[in-house]
Amino acid sequence: MNKYLTIVSIGLLLSTGACAQEHSDEEVPDAVKTAFSHKFPAAKKVSWDMESATEWEAEFKLEGNEYSANFLADGTWQETEHEIKKADIPEAIKQTLAKDFAGYEIEEAEISEKADGTVYELAVEKGEEEWELVFDANGKLIEKKAIEEDDED
């Protein structure tokens, strides 16, 4: 499992390296910093990156957990994500996994909060098969994407 997470982390770093470059606090638009501080007043150890040409991402600690939050340059909040423990996955999602993904092991679980609602993103694995699954809180599978070996590099 640690190997898998390391590979995924390296892949994410490499794939976002072209556009995600750490920026100093002075480079972040005032509207973004203001919106962030209102939404997350207790955030600690904040670092900023450009997620895309129009979106800023803050990585930070909150209540001992690692979070990321994305904002448009005008300060409009887009998304907040943080990893969760397997025990914190809603029972409805666990039931769907047991029924439709029997034998798969959960490698990673995250909550993704957006203006239109909250979803749960899970990386699951069974042998050589790996999937990224997105569920609503009621256990409905919203998206299923194969994780290819190239995605992990």
Side-chain angles (χ1 to χ4, degrees), residues 1-94 97 104-125 130-139 141-153:
M1 182 162 114
N2 285 338
K3 176 185 167 198
Y4 173 79
L5 292 176
T6 300
I7 291 171
V8 169
S9 296
I10 291 170
L12 288 172
L13 287 172
L14 292 175
S15 67
T16 59
C19 62
Q21 180 179 357
E22 193 165 328
H23 292 269
S24 70
D25 195 50
E26 293 80 32
E27 295 175 274
V28 181
D30 287 339
V32 173
K33 290 189 289 189
T34 299
F36 175 81
S37 65
H38 282 116
K39 188 157 183 70
F40 304 102
K44 307 279 186 216
K45 297 184 180 181
V46 181
S47 65
W48 291 97
D49 294 320
M50 287 292 299
E51 179 75 5
S52 69
T54 60
E55 200 167 310
W56 287 87
E57 179 180 60
E59 292 183 352
F60 57 99
K61 290 211 177 243
L62 184 63
E63 298 173 356
N65 297 307
E66 293 184 23
Y67 282 74
S68 68
N70 295 32
F71 294 84
L72 297 179
D74 67 359
T76 304
W77 171 75
Q78 297 294 292
E79 174 183 36
T80 302
E81 291 183 326
H82 69 278
E83 198 167 330
I84 60 170
K85 297 174 184 171
K86 293 176 189 175
D88 295 333
I89 298 170
E91 191 57 38
I93 294 172
K94 290 178 183 176
L97 286 170
Y104 283 81
E105 183 167 333
I106 299 168
E107 298 294 323
E108 184 177 3
E110 291 183 337
I111 286 183
S112 174
E113 300 169 82
K114 297 181 181 184
D116 61 354
T118 298
V119 295
Y120 293 79
E121 299 175 355
L122 281 63
V124 298
E125 178 180 21
E130 298 176 45
W131 295 97
E132 179 181 301
L133 308 173
V134 180
F135 294 92
D136 68 13
N138 298 317
L141 181 64
I142 299 170
E143 186 178 335
K144 176 183 173 184
K145 178 183 168 193
I147 300 173
E148 302 296 331
E149 193 168 321
D150 291 345
D151 293 344
E152 296 174 7
D153 292 338

Quiz item: After noting the C-alpha distance and the side-chain angles of E105 and K86, does the key distance pass the side chain to side chain contact (heavy atoms under 4.5 Å, CB included) rule?
Solution: CA-CA 10 Å; E105 183 167 333; K86 293 176 189 175; 4.2 Å; yes

Identify every side-chain donor-acceptor pair in residues 110-124 under 3.5 Å, counting partners at least two apart or on other chains, and give the distances.
{"residue": "S112", "atom": "OG", "partner": "E79", "partner atom": "OE2", "Å": "2.5"}

Quiz item: Which pair of non-hydrogen atoms, one from A73 and one from P29, has the smallest distance, and what is that distance?
Solution: O-CB, 3.8 Å

Exercise. Look at the aromatic rings of F60 and Y67 and report parallel, tilted or perpendicular, splitting at 30° and 60°.
Key: parallel

Quiz prompt | Rounded distance [0.5 Å steps], NZ in K145 versus CH2 in W131 | solution = 11.5 Å

Self-check item: Shortest non-hydrogen contact from A146 toward E148
Solution: CB-OE2, 3.4 Å

Quiz item: Is L72 close to Q78 at the side-chain level, that is, under 4.5 Å between some pair of heavy atoms?
Solution: yes

Practice problem: Compare all side-chain heavy atoms of I89 with those of F135 and state whether any distance is below 4.5 angstrom. | Solution: no

Self-check item: Heavy-atom closest contact (A58 atom, V46 atom, distance)
Solution: CB-CG1, 4.1 Å

Quiz item: More than 12 non-hydrogen atoms from neighbouring residues, nucleotides or ligands closer than 6.0 Å to CD on E91, yes or no?
Solution: yes

Quiz item: Between CD of E63 and NZ of K44, what distance do you get to the nearest 0.5 Å?
Solution: 11.0 Å

Exercise. Hey, could you give me the CD/CD distance between E108 and E132, rounded to the nearest 0.5 Å?
Key: 9.0 Å

Exercise. Starting at CD1 of I93, measure out to CG of D136 and round the result to the nearest 0.5 Å.
Key: 7.0 Å

Practice problem: Working to the nearest 0.5 Å, report the span between CG of N70 and CD of E59. | Solution: 9.0 Å

Quiz prompt | Side-chain heavy atoms of T80 within contact of F40, under 4.5 Å | solution = yes

Quiz item: A35 and G75: which non-hydrogen atoms are nearest, and at how many Å?
Solution: CB-O, 3.1 Å

Quiz item: Do you know which two heavy atoms are closest between A109 and I106, and how far apart they sit?
Solution: CB-CG2, 4.5 Å

Self-check item: OG-NZ distance between S47 and K61, expressed to the nearest 0.5 angstrom
Solution: 11.0 Å

Practice problem: Heavy atoms only: give me the nearest A92-A137 pair and the separation to one decimal. | Solution: CB-O, 3.9 Å

Quiz item: Can we call the ring centroids of W56 and F36 under 6.0 Å apart?
Solution: no

Practice problem: Taking the side chain as every heavy atom from C-beta outward, state whether M50 and E27 have any pair of such atoms under 4.5 Å apart. | Solution: no

